[in-house]
Every structure is written in structure tokens, then in C-alpha cells.
Amino acid sequence: MSILKVKSLKVENQNYPMGMDCTKPRFSWELASDGKNIVQTAYNLIVINEEGKRIADTGKIDSDESIEVTIADLKLEPMTGYMVQVTVWDNEGNQAVTEGGFETGRFETAWKASWAEPVQIPTKASNLGGNLTMESVLENSNSKKERDFSEFQPAQYIRIPLKAKKGLKKARAYVTAHGVYRLEVNGVRPDDREFAPENTSYAGILQYQTYNITSLLKGEENIAGIILGDGWWTGRVGMTGDSCQYGETIGLLFEAILTYEDGTSEVVTGEAGKSSTGPIVFSDIFVGEKYDARKEMQNWSCPEFDDSKWKPLHKVEYPMNNLVGQYGEPVRPIRIFEPKEIIETPIGETVLDVGQVLAGQLEFTIDAPEGIQIKLEHSEVLDDKGNYYNNIIGVNKEQTEIYITKEGKQTYRPVFSYHGFRYIRISGWPGAISVKDFKVYALSSEMRDISEFTTSNLKINQLQSNIWWSQVSNTLSIPTDCPQRERAGWTGDIMAFSPTLCFNRGANTFLSRWMANVRTEQLENGAIPMIVPYLEAYKAMAKNFIGSDTSCGWGDAVIQVPVAVYKAYGDKRILEENYTAMTRWMNYIADRVQNNHPEGYEEWDDERKARSHYLWNTDFHFGDWLVPSMVLGNPDGMAMMKTAYATMAFVAPAYYAFSAKSMVEVAEALGKTKDAENYRDLYNKIREAFIKEYVHDDGTMDADLQGIYVIALKNGLVSDEVRPKMAAHLCKMIEKNRGCLDTGFLSVLFILDVLCENGYRNEAYKLIFQNQCPSWLYEVEHGATTIWESWGAIEEDGTVSTYSYNHYAFGCVGEWMYREMGGLKAAEPGYKKICVAPALDCGLLFARVSEHTPYGIASVDWKLENGKAEVKVEIPVNTTAEVILPGMDKIDIGSGFYVFEVKL
Ligand code: BGC
């Protein structure tokens, strides 16, 4: 007889989410059993409110559903805590129970608080994006002039008195800001979140955070202390480093609700606060922070502090319809560690090597006399001689902290700034310096690490680690391209990377939240901007430089990101929520295609004209961005643009087909049969038109580039007859290219699959083990600890260049490695059905891949020994799997542990 356990009862995929503005939460739980072939046969969900009243009881429902479960007619009250209990039954007659909970947000409850602002000097708005040129970027970066940052404004410190009576039962603070803020109550932070209210498209979505402050209130007199900084609101952000993307002044929205045992409650609002400036002389989220420890105000957020000289906040009017409770986990320190070493560089500078490229902050502790200025400058690489090298060029890209000491022992970590770095040049440090004086804080949006991938090849393992680090560095609040130069929500990057991201960490709440921003930013004509949040500076830049807000592959993120989430986690709601946005995007393309025509169109015959109505052959596109052969050794912006112009005409129509094909899947998943049929029809028409227009009978195309063939093959844009010729031609091109890939942003994600699907598995393995430039292992062999923006960012001769060294896009190969080399695939969305098919012939001696699926851990652990392979498989309860091994018929299995032996 087996034993059944049920655990991890989650609400909206989180453990006890607080302040969630979601009226129809989804519940999920995991089952564990020591038996085999165990499935859930029934469940019973009960929801109990704070008063202990049962507000929902589903009764015993015969169902194997254990994820994405909703309760019909569930009526939730705002700002209320709920306990949830699930009882499950399995096919062996076992029963098990577990509990979880959540607390709702404000829903539609009107705020009693108003926006309040401290007395301040507004930040001057810049408009560099409007007139930025390559020359101005270089001029600024090469300037040796020491900046005084006098145009930067200080952080504001705010005190709000919170009077509490006896018999306090529950206290909550609902807080958000224009800027970024940090809350303390009586000197204690309620949690360790960073950069609240985080980075969203503020005009449409501004998150408020909910804090449980009950235990922080002591007696009658209490103080809520808030530090308020520039953040993404007035700070200098994005590629252009422009300030004031949303406003010129920073402000606070604060409401605390104190509930008493006798049922009464009191509301305290932020307008009652007073403000002053303090030790944070300025704090820009990109540029850095200046901190004068001599200006610290002991106990400033405690009742006893004298604030008689502080100035009252004043009320200001702002729309309140953009406010929504934070959805998903906050940004937090996810790793804290000691740096690797301190180097004295050949030119005699002191540089700290933390040993890992990452996004985060450096903390130091020092015992010093008063008034010493210490400077910390951050970068990602050293130059070929081992000297400090600033790889991030541009306006407002200093990545520098300036700290002025107070007397005695002191510890400092920036409050409202973070950087992308591995190396820190330290100047002004008094006395001896040791790694022990420092701590590195890697920051990221908190997500569960759900995967493992270890193999017999150390370089492949390092590649896996590099992907993980680029992922965590670029999932700080939103998915970004890089954590230093732009930190922008480039839609194309996440389009390519989302399947890998979803495999590595539990990213559904993170990506669902970002998709809400995508919907908010969707233009009236249905276009999805190439960057979300779509900053004003980027709008200006897009207009001036390329004349377009969107691009194929980038805008397609509106479809591909939800699809990746659905496949990884079985999350259908992300498809539902974004379905309208997806169809609007498809209609936008259809409109471009039907009503805009390329040059020469008027002279075409009717057949060609008709065909053109299915081909996206106009508009600007980034195309197969960064084709290595066009950019390697040529790191200037114009070379990058060359890849766009050389490929866009072929990539745009092919990606239209890709999206039409994906829309068939989405519509089918949502039961929209008619739509699915229409999209299938559209796909077939695009396919037919593409083949006629671009594909020659010998399998070549006029744009004779690897990436173009890869995209065409992956999306079926070739007849069955010509397919083998095209695949063979692609392989020949790889061979001619010294066995190296030559694919950009929109084709790298497909290349290895295309080779495998067309009978060239060995060629795929050769590419993954390749160590010549460009290749993944070239980067590893050249010391990479993250994925680079350009494959040759460090050249063969050691020359380093001003690329980003932390761009996850080309790390999209991760998903292929886990799926094909490790052999663990989701045969159905969310791994309800699993396919085990390890590549025992890929050149590894062993590989272990595991994924904490929504149902529990699935793993494949294989090794070769004495002409045999041993394959250990673990399948979670409530799922099934098919096992495909060489020389054996397909085997269907249920949950449990299995060991297979394969003769090779
Ligand atoms: C970013 C990319 C982005 C691209 C658009 C770059 O500056 O860093 O990753 O997708 O521009 O082509």
C-alpha cells in the first residue's frame, strides 16, 4: 500500500501572496507518493476567511486537475486574509490534506490617501533620445571631465506618525511611489524587497505593495519611515540615459489601516508626513549613488527622533486608475557572497574581482576617520592587459558609487542603484584592503529555481551556469536585454529566451506581470512596441533612427512569451489574458501586409501582387539581428544595423508565418476552433506565398544566410521536396564557416532543432561543442561567466570591446540542451505528459536534467558505461510519460522511479 502526501498548496503560483488584486485566483498543489502509477482521482477545496467562516467548499470533485484550479462563484472581499485547505484522493484509495493561504489587495476600494510630495527641486528633464547620435554617445563616453552631478537631486526621507490604540489586531500599509521607495517602521524594514514599486509602464500600471506591519507597531507612538529616490520615474534610464521619463518630481502614496479587536479601524494617510533630505546626496538607478555618511540621522524612522525642522508633505493630484496590487514576487538579494580577489592592475589601480558577471550591488564595511571619499566604479571586463576597462559607454552610464565616511566602523550598500558588473575599481580606500571587507549582493526578481542540468562536460556545465546568471541578471522586475547599458524590456530578447527562462526558474507570475505591461503599451493600431515599458526616450529614438515602433520578432513576443509560459507551466490564463492583444497584433501585420507595398509593386503581375498580400515585405525590422559574420570585429552601431537591412525582407514574412502557426495552437488551447481554422488558413497562404516568392528549386534563397534557411526550415516555409536540399545547403554553409553557426537573434533559437529535425543530429552536436568563434564554448573558453551580447566581444587576440557581457538572448540554447541532450520534454503543456528521450549519442558521458514541474520533480539521469547506458527516470505523481530509447519500442509509464538499461 502506498502513502500519499500533498504539499505546496499555492495561490496564483505563489506561497501566501499578499495584497493581490486577483478576484479569481488559481490554486495548485503537488502530490508525492512512494507508489507507482499514482494519479489524483478527486479533490476538495475549502476557503475560510479571517473570521473562521467557510466561504467556499467545492465538495469532493472527481478530477485529476491539480494545477490552475479555480472555484466557481468564489466571492472574495478586499484586504482580507484567507486560509485554503485541499484534500486529495488518489487511485489507491489514499487521502491527504494540506493548507495554504493568501491575502487580497484593495480591489476597487478607493484610496483615502492622496498623492503627497516632499518639498523638492524638480529634476531637469532631458531629451537626449530625440537628438542622440553615435558621435554624441562616444564623445560623452570618452570625456575625461570629472562630473559633479550637481543636477542630481537628493533622496527624500519621510516620517509618518502612526498612532495605535490598545487591542490592535491587524495593521497593513499600502504603499507606492513615483520613484522608488523603501519602508521602515520604527527603524525596522518589514521585508528585504528592493526597488519597490518596481519597473512598470507607469501610465497604465503602477503597483502598490502591501505590508504586514502588525508586529512592528510598538505601543502608542510609531513612525512609518520612507526613503524616496528617483528610480525609473525621474532617473536617467535606458540607452539614451534620459531623465524624467514619467515626471519631474517624486512622491508617495501611503495608506495604513489599523484594525482593532473590537472591530473598529483607523486609517492613516501619507499626507500627514514630513520630509527632509539625508545622507543620500543622490541616487540614480543607473548612474549610481552618492552617500555622505556624515549626514546620517540616527533613528530617523523612530518615534523619539526630533523632526521639528522637517517640512510637511503637500498633496498633489494624479490619476489613481493605474494602481494595482503587486503581482508576483519582489526583487530581492538572491545570492550574497564574498568577492573572489583584489587585484592590483598593471597600471597600479586597485580592482576588486567578484568572480562573476552579475546585476547587483557591492557592500563594504570599513573603519575610517570622517570625511574620506571612496569611489567604486563598476564594469564587466578587464582589457587585454588586465587593466580596468569601461565596457558600458553612453550618456549617464557611470555605474559609480561615491561614499563619504563618517567616523568609526560603518557598512554601506547602495539603496536605490544597482549595476551590471564583475570588476570594481576602488579609489580613495584608506589603509589596507581585503575581500573580507566586501559582500556582493546579486539582485533579481525572486523566483523558484526549478531546474538542474549537470553533465560530464565541464564547459557545458559552465555554459549552463552562464545562462542562469544572465537570466537572473536580466529578470530584475522586468525581462531586460542587459543589466547595465539599457536595462530595457526589449521584446525580441525575451521572445527568444522565454522557453529557457521558463525551464530554469518558476517565471509565470513574473512573465504574466510583464505581459500586462505589454498590453498597456500596445499601440492603437495593434503594434507591440519593441521595448516594454516603452520609455519616451525610446519612442523618440525609434522615430528618429528607424521610423518604426515595432519589428517582426520583437512584436511577436506578445504571442511567443505566453506560449512559452503555457507550455512550461500549463498556464492557460496567460493565453486568455493576452488573446485579444495577440489577435490585434496579427491584425496589425495583416493591415501592413495588405495595405502597404514594397517598391516596384505597381509593376508586378496580378499573381505576384496577390501573393504579396501574405508577405510582410515592408517596414523596418531588426531582422536576424547581430549575424556574427557581419558584426564580428566591427563593433559599431552601423555594422549591427547592417544585419537588420540584410535580413529583414526575409525574416519578417517568415516570422509572420511563425506567429500564424503559433496562433493555431493558442486558439486550439482556448477552444476557439473557428479562429484556429482561420489562422491555419492564413499560415498556409503565407507558406505558399513565401515558397513561391523566395525559395528556389535548389533549396537556396537570395539572402544566402544560415539564419534565413534556419527560420524557413523551422516554420515549414519550404516544400517537402525541396526541404532536404535546403537542409543540406545549410549544413554546407556551416561546414564552410569552419563548422561555426552564423545566426542572429531570430534564428539562433531554432538552429539546433532544425538540424536535428532534418537528420543532422551530429551537426547540431558539433555546434554545441564548437569552441571556435562564434560559438557558445568559445565564450566559455574565453572566461565568460555570463552570455555575451556579441559572440566575439572578446576577440581571439584578447581585444575586448564595448559590448554588453550580460545579454541572455543567445542563451536561448539552454532549452534545447535540457530537452535534447538531457532528454526531458513536456509532451503536453505543464508536463502533464512527459517525453523522455535522452541524446545518448551526443558526446557526453553522463547528463542529469531535472525540472520541478507544476506536478513535482521530473528527472532524467543517464550515463554511459561499458557499452551500455543506464537511464534513471523520475516521473511525478499525476503525470505520465513516454520513454524513447535506442533499440527499444516506446514505453509508456506512470509516476515513480525507473531504471532502464540500453545496450549500445
Ligand atoms: C539591445 C538588444 C535589442 C536590440 C534591438 C540593443 O541595443 O541591447 O538586445 O534587442 O538593441 O535590436
Side-chain angles (χ1 to χ4, degrees), residues 128-129 132-134 137 141 237-242 286 359 380 391-395 397 420 470-471 473-476 478-498 501 514 518 528-535 537-557 560-561 619-628 630-631 635-648 651-652 655 707 743-749 786-791 793 801-812:
L128 305 165
L132 193 80
T133 59
M134 200 45 83
V137 169
S141 309
V237 298
M239 178 189 266
T240 61
D242 277 306
F286 277 57
E380 293 179 325
N391 66 300
I392 297 306
I393 59 167
V395 181
K397 302 285 178 277
S470 279
Q471 165 159 342
S473 312
N474 284 299
T475 45
L476 196 149
I478 59 161
T480 56
D481 57 336
C482 54
Q484 3 64 5
R485 184 185 68 217
E486 299 186 46
R487 308 180 187 177
W490 282 99
T491 47
D493 303 47
I494 186 64
M495 190 286 300
F497 189 68
S498 47
L501 182 120
W514 181 71
V518 172
I528 299 292
M530 46 199 158
I531 301 131
V532 173
Y534 200 19
L535 304 174
Y538 275 110
K539 286 181 198 165
M541 207 180 77
K543 195 160 153 235
N544 290 349
F545 277 106
I546 51 184
S548 176
D549 293 297
T550 191
S551 159
C552 79
W554 274 251
D556 292 305
Q560 301 307 334
V561 172
D619 301 330
F620 170 85
H621 302 278
F622 289 113
D624 202 16
W625 185 243
L626 298 187
V627 175
M630 296 186 203
V631 290
D636 96 42
M638 284 348 283
M640 296 191 195
M641 287 311 267
K642 203 171 130 194
T643 61
Y645 289 108
T647 57
M648 60 174 81
V651 176
Y655 257 70
T743 39
F745 256 52
L746 299 189
S747 57
V748 171
L749 66 158
T786 36
I787 303 290
W788 300 342
E789 179 178 20
S790 169
W791 304 97
S801 45
T802 51
Y803 280 109
S804 145
Y805 289 79
N806 203 353
H807 249 69
Y808 57 38
F810 292 148
C812 60

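In this chain, residues are counted from 1 in sequence order. In each ligand, atom 1 is the first atom listed, and ligand 1 is the first ligand listed.
- By the 4.0 Å heavy-atom criterion, E789 is counted among the residues contacting ligand 1.
- One distance of note links CD of E380 with SG of C482; it measures 8.0 Å at 0.5 Å rounding.
- Distances from atom 1 (C) of ligand 1 to the heavy atoms of I531, I494, D481 put D481 nearest.
- Closest to atom 4 (C) of ligand 1 by heavy atom, among W625, F622, Y538, is W625.
- Ring geometry for W554 versus F745: interplanar angle under 30°, hence parallel rather than tilted (30 to 60°).
- Of all the heavy atoms in I787 and G811, the pair that sits closest is CG2-N, 3.7 Å.
- Ligand 1 places these atoms under 4.0 Å from at least one heavy atom of R485: 1 (C), 6 (C), 7 (O), 8 (O).
- When only non-hydrogen protein atoms are considered, atom 7 (O) of ligand 1 lies nearest to E486 OE2, 2.5 Å.
- The ligand atoms of ligand 1 that sit less than 4.0 angstrom from a heavy atom of M239 are 7 (O).
- Taking both residues in full, the closest heavy atoms of R487 and I478 are given as O-CD1, 4.3 Å, listed atom of the first, atom of the second, then distance.
- A side-chain donor from one of S747 and D624 sits under 3.5 Å from a side-chain acceptor of the other.
- Contact atoms of ligand 1 toward H807: 1 (C), 2 (C), 8 (O), 9 (O) (distance under 4.0 Å to a heavy atom of the residue).
- With ligand atoms numbered from 1 in the order given, ligand 1 contributes 5 (C), 10 (O), 12 (O) to contacts under 4.0 Å with heavy atoms of W554.
- Atoms of ligand 1 lying under 4.0 Å from at least one heavy atom of F745, given by number and element, are 9 (O), 10 (O).
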| request: Apply ring pair (Phe, Tyr, Trp, His ring centres under 6.0 Å) to the pair Y538 and W490, showing each step before the final yes or no. | output: CA-CA 11 Å; Y538 275 110; W490 282 99; 5.7 Å; yes
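- With hydrogens and angles left out, the side-chain atoms of Q484 and S804 include a donor and acceptor closer than 3.5 Å.
- The aromatic ring centres of Y808 and F810 sit 6.0 Å or more apart.
- Close approach of ligand 1 to D493 (heavy-atom distance below 4.0 Å) involves ligand atoms 2 (C), 3 (C), 9 (O), 10 (O).
- Residue nearest to atom 11 (O) of ligand 1, selected from Y803, Y808, W490: W490 (by heavy-atom distance).
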